[in-house]
Amino acid sequence: MHGEKFHVNNDLEKGEKILKIKGLLKRNLSFLQHYLPFANSHSKDFITHRHWENFLSDSIKSELLSLTDEDLLTLPHTTKVDEMNDDIVKDHNEWEFKCDYFMKSPKVGEKSDIYSREMRNHSPDWIHSNLSSFVSEAQKHTLRRSGILSELSDLASRLGLSDNKDLVFISQYMDKKKSHEVEVMGDVCAALATVENVDMVVDLGSGKGYLSTHLALQHELTVLGVDAQTTNTAGASRRREVLTKQWAGLTRNAKVKNERGDSKKLGKKLKKKMRKLQDEREGRGNTADKGKVNENTNAAEVSEEVMFGVGNLFLDSNREDLTSEEQVDSDAYSIRSQKKEDGIDRQGELATHDCDPGRIEDKDEKVDDSCKGIDYSVYDKTAKHSKSDVKHDSEKAEASQKDKVAKLVASNKKASQHHFPVTLYIDTDTNLIEVIEQTLAANNLELPVRHKEGDITSNRDIKLMITGLHTCGGLGASTMRLFVTCEQAPVLCNVGCCYHLMEEEFVANPFTERTQEKGDEHAGFPMSAFLRNHRVGLGQYARSFASQAVTRRQQDTKLIAKQFPRIMLQAVLSDILGFTSDEWKGLRKLDQKCKDLPEYIHKAVHKLNLPVDQFSEERVKECLDKYVVYQEWFIAYFQLKLVLAPCIEAVVLLDRMLYLLEQDCIDDVMLVQLFDPVKSPRCHAIIAFKKGNQ
């Protein structure tokens, strides 16, 4: 497991686990309710709303300023507490969520508007007088100290699994972060599918098909990949096609590298040879030189090397770089705002890009054509042949080539019948069985069942596993609800992310019009009846901060205040114009294109269509000089605020876990740390089992 071991009690019965989680949530929220104004403070307002002066106690400020840079770097990670006591709180009737921040905020229908102008300066209630007691208390409420979080080894032990060392992982077209996530989650999903006799995996929010193609090709699972964007679905189909054509070569190369311990990249000569062969296959090369390769090179090896080379070229020209968490946030807002205009929000209307049987045949014909240019007989230069021998060898080579083509065509058909990418906007009303039926009908296929006990008489008798790797925002909550209502799904494996992109039932969204009169019972937070009955809220900015990569920041060697240019801009605009506006948007990453702060402010003023003549160099410099001291203060403020991020994430995930346990159909739920949190900060999976399916 990654990092230090943590304690978990795997012997709790369902009822005991419910009590345990309620106790954890009660203690966590009793702590957090005092500091939610601090957690919801927005960085851009740090100077204009005087966060340093108003949001920290004098004793805390004094201690922060006395810390060295090294002390500040380690502040969010310093261990101040031993393992949490594994007690179970049995009586929750006396507890109430009493957050002054929410009670005093104006109401929009049933929701608290904590982001109204009058609430922006509402100070936190500092019940801790020093840093040590604050950090120690916060660390008690992280998942690592909860006694609930399991390790991969706990899950393997429960399922009676052992490592399959025969499988090699194909990491082509993925960066290191995505490779790590797909390899680990792919193994977990495959193990769960085997134990639960699953017929089809439904990958919600499948994106460009990283996980779903891996499950289909590596583990030979039948996968329905569902995503709301047609570009992602098309990318998933393209990825499947390319990987399918190269799969035999990729797996053989991976096995050879594992056996030899060879991690070096392909040499220039080999790359040149592969490109030359590819040119010849497509009729671009010099036919006089055709077949001039190393006489010791086996024909099959060259064929697979050619495939591998095509893959590298594909990667160079169509590289799908992993989107940063910040970019995911921005894209998700765009998706949510455009989904209805784009026609995504239409149930049952599937975009089956590559599901037409005629198109599948076309692909097979293309594969056939792509192989016609290789004459495998020319590679054997070591033997001398008579004319009859040459004729015999030629016929043999032609038969061999046809066999290879047939295998490649069969492989492509097989993959096409294992992986079905579809475009559909998912919500709690989505009927997964209808989606599957329409998808299979569009492909003129029947469900290829891997595991079944007896005959399946209809699609409604199949067993599904619902999964999702980093389901964004409210899709994570919808995934939980779909799992509960889908009778055909005995097991769930979900890793969520982007907690700020879901709606809250009792807190108004700062980015929407204040017109909603009552809360949405299908909101992303809270989900559990326990927290809903107590009308618990967190706030959008607090949930956004929960997505901070706190563990990854342990690798930092110096303090960085990347938000400070935006903070200074807000202060300069406020000083010169006399006001600020929530409509000042579209400045993200603009500072990275500027050499210094004056240039950044000048470009921002132009971009926001503000009166340029008011922002003279002298006036801007005067403002910058006045506020430069705030950089040191902001760094200290931000590092202290990071201490709260794991506590907030714990509330979101424990709430989801409790929601599932509250359902009669659920037998057990596990919260498992799947990934290395340095490589993948959103590393926790919720794995749930229904009754009668273990």
Side-chain angles (χ1 to χ4, degrees), residues 6-32 83-97 140-160 188 192 195-196 465-466 476-477 479-487 489-494 496 505 521-522 524-536 647 649-673 684-694:
F6 43 84
H7 170 68
V8 58
N9 186 347
N10 288 313
D11 298 324
L12 294 178
E13 298 293 333
K14 179 178 177 180
E16 293 177 322
K17 190 173 285 189
I18 289 174
L19 290 175
K20 171 76 173 177
I21 294 174
K22 285 183 177 180
L24 292 170
L25 285 168
K26 184 186 95 168
R27 287 190 290 261
N28 193 335
L29 289 164
S30 295
F31 163 72
L32 272 179
E83 297 292 346
M84 187 173 177
N85 292 330
D86 197 28
D87 61 316
I88 298 174
V89 179
K90 296 183 178 180
D91 186 5
H92 304 286
N93 296 325
E94 301 298 323
W95 179 72
E96 289 184 57
F97 180 66
K140 290 179 181 178
H141 308 301
T142 63
L143 291 173
R144 295 190 67 82
R145 309 289 175 181
S146 66
I148 285 292
L149 186 62
S150 299
E151 300 185 53
L152 271 173
S153 57
D154 299 317
L155 179 62
S157 176
R158 174 187 176 125
L159 300 177
V188 169
L192 290 169
V195 170
E196 296 292 336
M465 178 171 74
I466 297 177
T479 299
M480 307 287 164
R481 292 188 171 103
L482 279 175
F483 172 65
V484 169
T485 57
C486 182
E487 296 178 359
V491 62
L492 164 79
C493 181
N494 177 259
E505 184 172 0
E521 63 179 5
H522 295 305
F525 182 86
M527 292 188 69
S528 66
F530 178 64
L531 293 192
R532 290 186 67 210
N533 290 339
H534 287 284
R535 301 181 63 83
V536 171
C647 305
E649 181 175 29
V651 171
V652 173
L653 294 180
L654 290 174
D655 172 58
R656 291 180 176 183
M657 194 177 178
L658 181 57
Y659 162 77
L660 290 171
L661 287 168
E662 288 173 340
Q663 312 307 313
D664 291 337
C665 63
I666 301 298
D667 181 72
D668 193 18
V669 183
M670 297 180 71
L671 184 62
V672 184
Q673 182 175 314
H684 301 110
I686 292 178
I687 298 174
F689 305 89
K690 286 184 179 172
K691 291 179 178 178
N693 289 291
Q694 290 202 93

What I'd like to find out is whether the side chain of Arg27 reaches to under 4.5 Å of the side chain of Lys140, using heavy atoms alone. no

Non-hydrogen atoms of Asn28 and Cys647 that approach each other most closely: ND2-O, 3.1 Å

Nearest 0.5 Å please: distance from the CD atom of Glu196 over to the CE atom of Met465. 9.5 Å

Please report the shortest heavy-atom distance between Ala477 and Gly524, naming the atom on each side. CB-CA, 3.7 Å

Separation between CZ of Phe97 and CG of Leu25, rounded to the nearest 0.5 Å: 11.0 Å

Give a yes or no on whether the backbone of Val651 and the side-chain of Asp655 come within a donor-acceptor separation of less than 3.5 Å. no

Check whether any side-chain heavy atom of Met527 sits under 4.5 Å from a side-chain heavy atom of Arg656, and report yes or no. yes

Of the non-hydrogen atoms in Phe525 and Val536, which two are nearest, and what is the gap between them? CE2-O, 3.9 Å

Run the side-chain contact (heavy atoms from CB on, under 4.5 Å) test on Leu492 and Leu660 for me, step by step, so that the C-alpha distance in whole Å, both residues' side-chain angles and the decisive distance to 0.1 Å come before the verdict. CA-CA 10 Å; Leu492 164 79; Leu660 290 171; 4.0 Å; yes

Should we say atom CG of Asp664 is surrounded by more than 12 heavy atoms from elsewhere, each under 6.0 Å from it? no

If you take all heavy atoms of Val672 and Leu149, which pair is closest and at what distance? C-CD1, 4.1 Å

Taking every non-hydrogen atom, the tightest pair across Leu653 and Leu143: CD1-CD1, 3.8 Å

Rounded to the nearest 0.5 Å, the CE atom of Met670 sits from the CE atom of Met657 at a distance of 8.0 Å

Residue from Leu152, Asp154, Ile148 passing side chain to side chain contact (heavy atoms under 4.5 Å, CB included) with Ser150: Asp154

If we only count heavy atoms from C-beta on, is the Arg158 to Phe689 side-chain gap below 4.5 Å? yes

Residues Pro490 and Phe483: closest non-hydrogen pair is C-CE1, 3.8 Å

Is there side-chain contact between Phe530 and Ile18, with at least one heavy-atom pair below 4.5 Å? no

Given side chains that start at C-beta, do those of Ile687 and Val188 come closer than 4.5 Å, heavy atoms only? yes

Say whether, by atom type as modelled, one donor and one acceptor occur between the side chain of Ser30 and the main chain of Lys26 under 3.5 angstrom. yes

side-chain contact (heavy atoms from CB on, under 4.5 Å), that's the test. Do Ile466 and Asn494 meet it? Break it down for me. CA-CA 8 Å; Ile466 297 177; Asn494 177 259; over 6 Å; no

Output the distance between atom NZ (Lys17) and atom CG (Leu658), rounded to the nearest 0.5 Å. 11.5 Å

Lys20 side chain reached by Leu24 side chain, heavy atoms, under 4.5 Å: yes

What distance separates Leu654 CG from His141 NE2, expressed to the nearest 0.5 Å? 12.0 Å

Do Leu661 and Lys14 come within less than 4.5 Å of each other through their side chains, counting heavy atoms only? yes

So Lys690 and Gln663, side-chain contact (heavy atoms from CB on, under 4.5 Å) or not? Walk me through it. CA-CA 10 Å; Lys690 286 184 179 172; Gln663 312 307 313; over 6 Å; no

With a 4.5 Å cut-off on side-chain heavy atoms, are Val669 and Ile686 touching? yes

